[in-house]
Amino acid sequence: MILCCGESLIDMLPRQATTGENAFAPHAGGAVFNTAIALGRLGAPVAMFTGLATDFFGDLLAETLESSKVSTQYVHRADAPCTVAFVKLVDGHATYAFYDENTAGRMLSTDALPDLADDVNALFFGGISLVVEPCGATYEALMTREAANRVTMIDPNIRPGFIKDEAAYRARIDRMMCMADIVKLSDEDLAWLMGGEDIDANAAQVLAMGPKLVCITRGKDGASGYTANGRVDVSATAVTVVDTVGAGDTFNAGVLASLEEAGVLSKEGVANLSDEVIANALSLGARSAAITVSRAGANPPWTHEL
């Protein structure tokens with residue numbers, strides 16, 4: 001089972017009311033939440049560790065997880081507000097305004113860390129939940145506790161406007177990338193973290209930190225996987241883009257689902273990935289993400305849609 005560890009929130013997506021007025025519609029979301037949903041829809045065994053409000057927004061998030069075959073056995077419910085993100089779309093690309101103070105997700109503490117069953121073989125981390133406290137420290141503590149024995153993957157999914165203490169955030173991401181078996185970054189995130197525009201050189205720096213596989217996505221230019229043995233490339237699937245909400249999150253799910261299906265989502269397996277296995281994983285990630293961007297909001301595909 002793959003345990004997705006991070007934020008669940010409500011995305012307020014821009015819409016137009018029947019009266020012609022601009023409006024916002026609430027949708028279940030969050031980077032890590034989207035990855036969990038996509039994994040469930042792709043048929044991978046998946047659960048989520050997150051802090052959920054006990055209000056109707058929290059109920060909506062829990063119901064959405066369950067309807068996409070995501071186990072909620074590790075979800076921590078709390079009597080606190082739900083994180084809300086207002087989304088602005090410019091030419092289909094999303095920017096966000098987050099409202100996160102004292103929420104159930106943000107206030108998740110190390111006291112809520114779960115004991116994991118033996119069937120949890122991989123953990124996924126990322127998103128805005130690594131920026132703020134105390135939840136950022138909680139997720140890092142879980143990764144620190146489990147990284148020696150279970151596969152770990154991180155996608156920081158960086159939102160610069162949400163970062164208040166850049167030095168502390170960079171230090172956390174560095175520590176977690178050093179522990180991770182798999183690191184995924186968009187080309188924009190890679191440049192923000194490492195500086196410069198040379199993707200190969202920057203990816204090599206990340207690989208040198210300790211991960212066994214570094215995945216870099218480049219939008220319409222496809223994706224690449226870097227290992228100690230070299231680089232594997234896949235092309236993007238050409239589609240008409242409605243918006244990019246959830247694209248990278250879905251890509252992550254495709255990679256993990258493919259590795260799970262191939263039977264290599266173990267410490268030994270990830271350390272010895274063949275080019276064919278990597279290409280298949282990148283391809284499923286890219287094809288799944290293409291469907292997500294072809295429709296409004298973070299709405300990952302089910303297996304039959306591939």
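- Atom NE2 in H76 sits 12.0 Å away from atom SG in C135 (nearest 0.5 Å).
- I182 is not connected to I154 by any chain of hydrophobic side-chain contacts under 4.5 Å among Ile, Leu, Val, Met, Phe, Trp and Tyr, and they are in different clusters.
- Summarising the geometry, atom CG belonging to D221 is positioned 9.5 Å from atom OG belonging to S235; distances are rounded to the nearest 0.5 Å.
- Here the closest heavy-atom approach between residue P114 and residue Y74 is recorded as CB-CD2, 3.6 Å.
- Paired with L190 under the rule side-chain contact (heavy atoms from CB on, under 4.5 Å), one option of I158, I199, V183 passes, and it is I199.
- Closest approach of T103 and A80 over heavy atoms only: C-CB, 4.0 Å.
- The shortest side-chain heavy-atom distance between L65 and I37 falls under the 4.5 Å cut-off.
- Heavy atoms of other residues, nucleotides or ligands lying less than 6.0 angstrom from CD of Q73 number more than 12.
- Here the side chains of L9 and F98 are in contact, with some heavy-atom distance below 4.5 Å.
- Counting heavy atoms from C-beta outward, P156 and W192 have side chains that stay 4.5 Å or more apart.
- The nearest pair of heavy atoms linking A31 to G127 is CB-CA, 4.2 Å.
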Trace of the side chain to side chain contact (heavy atoms under 4.5 Å, CB included) decision for F251 with V255: CA-CA 6 Å; F251 176 87; V255 169; 3.6 Å; yes
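- Ionic pairing of R77 and D59 is present here: one or more N-O contacts between side-chain nitrogen and carboxylate oxygen are shorter than 4.0 angstrom.
- When atom types are taken as modelled, the side chain of E166 and the backbone of R170 share no donor-acceptor pair closer than 3.5 angstrom.
- Contact detail for A104 and L52: the closest heavy-atom pair is CB-C, 3.5 Å.
- In plain terms, the two heavy atoms of G6 and S129 that are nearest each other are CA-OG, 3.4 Å.
- Using modelled atom types, no side-chain atom of T35 and backbone atom of A253 make a donor-acceptor pair closer than 3.5 Å.
- Of the N and O atoms on the side chains of T83 and R106, not one donor lies less than 3.5 Å from an acceptor on the other residue.
- Looking only at distances, a side-chain donor or acceptor of S294 sits under 3.5 Å from a matching main-chain atom of I291.
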Please step through side chain to side chain donor-acceptor pair (under 3.5 Å) for the pair D11 and Y96, ending with a clear verdict. CA-CA 9 Å; D11 279 327; Y96 301 83; 5.7 Å; no
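- Without hydrogens or angle criteria, N202 side chain to G195 main chain gives a donor-acceptor distance under 3.5 Å.
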Test V206 against M194 for side chain to side chain contact (heavy atoms under 4.5 Å, CB included), laying out the working first. CA-CA 8 Å; V206 177; M194 310 306 292; 4.0 Å; yes
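- Side chains of L116 and L123 form a contact here, defined as non-hydrogen atoms less than 4.5 Å apart.
- Residues S288 and L306 have side chains in contact (heavy-atom distance under 4.5 Å, counting atoms from C-beta outward).
- Under the 4.5 Å side-chain heavy-atom criterion for Ile, Leu, Val, Met, Phe, Trp and Tyr, Y226 and L282 are members of distinct hydrophobic clusters.
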Working for side chain to side chain contact (heavy atoms under 4.5 Å, CB included), residues N299 and R41: CA-CA 10 Å; N299 185 10; R41 294 183 181 185; 2.8 Å; yes
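- Of the N and O atoms on the side chains of T152 and E146, not one donor lies less than 3.5 Å from an acceptor on the other residue.
- Side-chain atoms of S67 come within 3.5 Å of backbone atoms of E63 as a donor-acceptor pair (strictly under, hydrogens ignored).
- Between atom OG of residue S71 and atom CD1 of residue I2 there is a gap of 13.0 Å, rounded to the nearest 0.5 Å.
- Using a cut-off of 4.0 Å between Lys/Arg side-chain N and Asp/Glu carboxylate O, R172 and E133 are scored as salt-bridged.
- D155 is listed as a side-chain neighbour of F124, based on a closest heavy-atom distance under 4.5 Å.
- The structure places CE of M176 at 6.5 Å from CD1 of I173, a figure rounded to the nearest 0.5 Å.
- A donor-acceptor distance shorter than 3.5 angstrom exists from the side chain of T144 to the backbone of E140, with no hydrogens or angles considered.
- Shown here for G219 and A236, the closest heavy-atom pair between the two residues is O-CB, 3.6 Å.
- T110 OG1 to Y139 OH: the interatomic distance, rounded to the nearest 0.5 Å, is 12.5 Å.
- Exactly one residue among V151, V270, L259 makes a side-chain contact (heavy atoms from CB on, under 4.5 Å) with V264. That residue is L259.
- A 4.5 Å side-chain heavy-atom check between I278 and T227 finds at least one atom pair inside the cut-off.
- When the shell of 6.0 Å around CD of E261 is examined, it contains 12 or fewer heavy atoms from other residues, nucleotides or ligands.
- The closest donor-acceptor contact from the side chain of K267 to the backbone of A147 lies under 3.5 Å.
- Contact of the L61 side chain with the T50 side chain is not registered, since no non-hydrogen atoms from C-beta on lie closer than 4.5 Å.
- At distances below 3.5 Å, at least one donor-acceptor pair connects side-chain atoms of N121 with backbone N or O atoms of M1.
- Under the 4.5 Å side-chain contact rule for hydrophobic residues, M12 and F56 share a cluster.
- I10 and V132 are not part of a single hydrophobic cluster, where members link through side-chain heavy atoms under 4.5 Å apart.
- With rounding to the nearest 0.5 Å, the separation of CG in L256 from NZ in K184 is 11.5 Å.
- Side-chain contact annotation: T237 with R287, donor-acceptor N/O pair under 3.5 Å absent.
- With a 6.0 Å radius and a threshold of 12 heavy atoms from other residues, nucleotides or ligands, K69 has its NZ atom at or below the threshold.
- The environment of D119 atom CG is dense: over 12 non-hydrogen atoms of other residues, nucleotides or ligands sit within 6.0 angstrom.
- Judged by distance alone, with hydrogens and angles left aside, the side-chain atoms of R150 form a donor-acceptor pair with the main-chain N or O of V120 at under 3.5 Å.
- Although no hydrogens or angles enter the test, the distance criterion places no donor-acceptor pair under 3.5 Å between the side chain of T292 and the main chain of T244.
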